[in-house]
Amino acid sequence: MLHKIELNTSKRDEMRDITRDVQSYVRKSGISDGLAVIYTPHTTAGITINENADPDVKHDVLMRLDEVYPWNHPKYRHAEGNTASHLKAITTGTSQTVIIQNGELLLGRWQGIYFCEFDGPRTRDCYIKIMEG
């Protein structure tokens, strides 16, 4: 089963917790044991799994990514001016795979699934493929 989430982001850089959305599709699928693949088809966005208990983690992650990949750099050559967003997307990756066990995502106590926007605001797509097995 393939599901699509459309996200409207509001900032240039943001991390949106989509764990509940993914879990909802897992429950609707009726699959007890399998895999959920969460994927975004964008070159300036990513998918990651990280802590979802303390909102300061999102702030700190985005802050450090900005420090490592500054928006402006004298040696950037990409004409669109968004090289930093491409580098951030490469760092986070475009997908994550999560085990489904007993109809639930097998995540750690403090883990959440995040859609990461690095070149917003935009309308973005995120796909969830749920497979039995």
Side-chain angles (χ1 to χ4, degrees):
M1 287 177 226
L2 182 66
H3 304 280
K4 178 181 172 183
I5 300 173
E6 187 175 280
L7 300 163
N8 292 307
T9 62
S10 60
K11 301 174 189 168
R12 185 180 74 194
D13 295 294
E14 66 182 271
M15 293 174 67
R16 172 97 47 97
D17 188 343
I18 59 170
T19 311
R20 287 185 184 151
D21 297 309
V22 177
Q23 183 61 60
S24 175
Y25 285 120
V26 168
R27 286 189 184 125
K28 289 177 187 175
S29 77
I31 291 175
S32 179
D33 294 294
L35 297 172
V37 178
I38 305 93
Y39 167 76
T40 187
H42 303 289
T43 61
T44 57
I47 303 291
T48 195
I49 295 174
N50 212 297
E51 181 179 331
N52 67 351
D54 182 349
D56 287 337
V57 171
K58 293 188 299 186
H59 169 272
D60 294 350
V61 167
L62 293 173
M63 176 192 68
R64 287 295 292 139
L65 285 171
D66 269 344
E67 290 173 358
V68 173
Y69 305 118
W71 194 256
N72 296 303
H73 190 284
K75 293 184 180 180
Y76 287 163
R77 295 172 64 177
H78 183 46
E80 289 180 42
N82 62 352
T83 296
S85 61
H86 290 281
L87 294 168
K88 292 173 187 180
I90 289 168
T91 300
T92 59
T94 58
S95 68
Q96 293 288 323
T97 301
V98 181
I99 296 169
I100 300 167
Q101 184 177 43
N102 299 322
E104 301 289 323
L105 294 168
L106 187 59
L107 292 169
R109 170 182 241 165
W110 308 114
Q111 287 184 315
I113 303 166
Y114 287 95
F115 176 86
C116 302
E117 172 65 77
F118 299 123
D119 196 21
R122 293 181 184 233
T123 300
R124 300 292 200 160
D125 295 325
C126 179
Y127 293 92
I128 302 152
K129 178 73 174 176
I130 301 170
M131 299 169 282
E132 194 166 17

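Quick note: numbers below take in every heavy atom, side chains included, and nothing from hydrogens, waters or symmetry partners. Please read these numbers as outputs of a predicted model, since none were measured by experiment.
- H42 and D125 make their closest contact through NE2-N, 3.0 Å (heavy atoms, listed as atom of the first residue, atom of the second, distance).
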Could you pull out every donor-acceptor pair under 3.5 Å between side chains of residues 46-60 and any protein atom, sequence neighbours left out?
| residue | atom | partner | partner atom | Å |
| --- | --- | --- | --- | --- |
| E51 | OE2 | D54 | N | 3.3 |
| N52 | ND2 | Q111 | O | 3.4 |
| D54 | OD1 | D56 | N | 2.9 |

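- Contact detail for I128 and Y25: the closest heavy-atom pair is CD1-CD1, 3.5 Å.
- Atom-to-atom distance recorded for T9:OG1 and R122:CZ is 8.0 Å, nearest 0.5 angstrom.
- For the atom pair K28 NZ and M1 CE, the distance stands at 12.0 Å (nearest 0.5 Å).
- For the residue pair T91 and Y69, a side-chain donor N or O sits within less than 3.5 Å of a side-chain acceptor on the partner.
- Side chain of Q96 to main chain of A36: no donor-acceptor pair is present (N/O by atom type, distance under 3.5 Å, no hydrogens or angles).
- In this pair, H78 and H86 present their aromatic rings perpendicular. The plane angle is above 60°, beyond the 30 to 60° band.
- Note that CG of D13 and OG of S85 are 8.0 Å apart. Values are rounded to the nearest 0.5 Å.
- Residues Y76 and P70 approach most closely at OH-O, 2.9 Å, considering heavy atoms.
- Looking only at side-chain heavy atoms (C-beta outward), R27 and E104 come within less than 4.5 Å of each other.
- If you take CZ on R16 and CG on N8, they are separated by 7.5 Å, rounding to the nearest 0.5 Å.
- F115 and L65 are not part of a single hydrophobic cluster, where members link through side-chain heavy atoms under 4.5 Å apart.
- Counting only heavy atoms from C-beta outward, the side chains of D119 and W71 approach each other to under 4.5 Å.
- For G112 against T19, the heavy-atom pair with the smallest separation is CA-OG1, 3.2 Å.
- To the nearest 0.5 Å, the span separating OH on Y127 from CD1 on I38 amounts to 15.0 Å.
- L35 has its side chain within reach of I99: a pair of non-hydrogen atoms, C-beta onward, lies under 4.5 Å apart.
- T92 has its side chain within reach of F118: a pair of non-hydrogen atoms, C-beta onward, lies under 4.5 Å apart.
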Exercise. Under the side-chain contact (heavy atoms from CB on, under 4.5 Å) rule, what do I31 and M131 come out as? Steps first, then yes or no, please.
Key: CA-CA 8 Å; I31 291 175; M131 299 169 282; 5.9 Å; no
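- Remark: of the listed residues I113, L107, V37, I100, I113 is the sole one forming a side chain to side chain contact (heavy atoms under 4.5 Å, CB included) with V22.
- When all heavy atoms of I18 and C126 are compared, the closest pair comes out as CD1-SG, 3.8 Å.
- Defined by atom type and a distance below 3.5 Å, a donor-acceptor pair is missing between the side-chain atoms of T44 and R12.
- Closest heavy-atom contact between M15 and C116: CG-SG, 4.0 Å.
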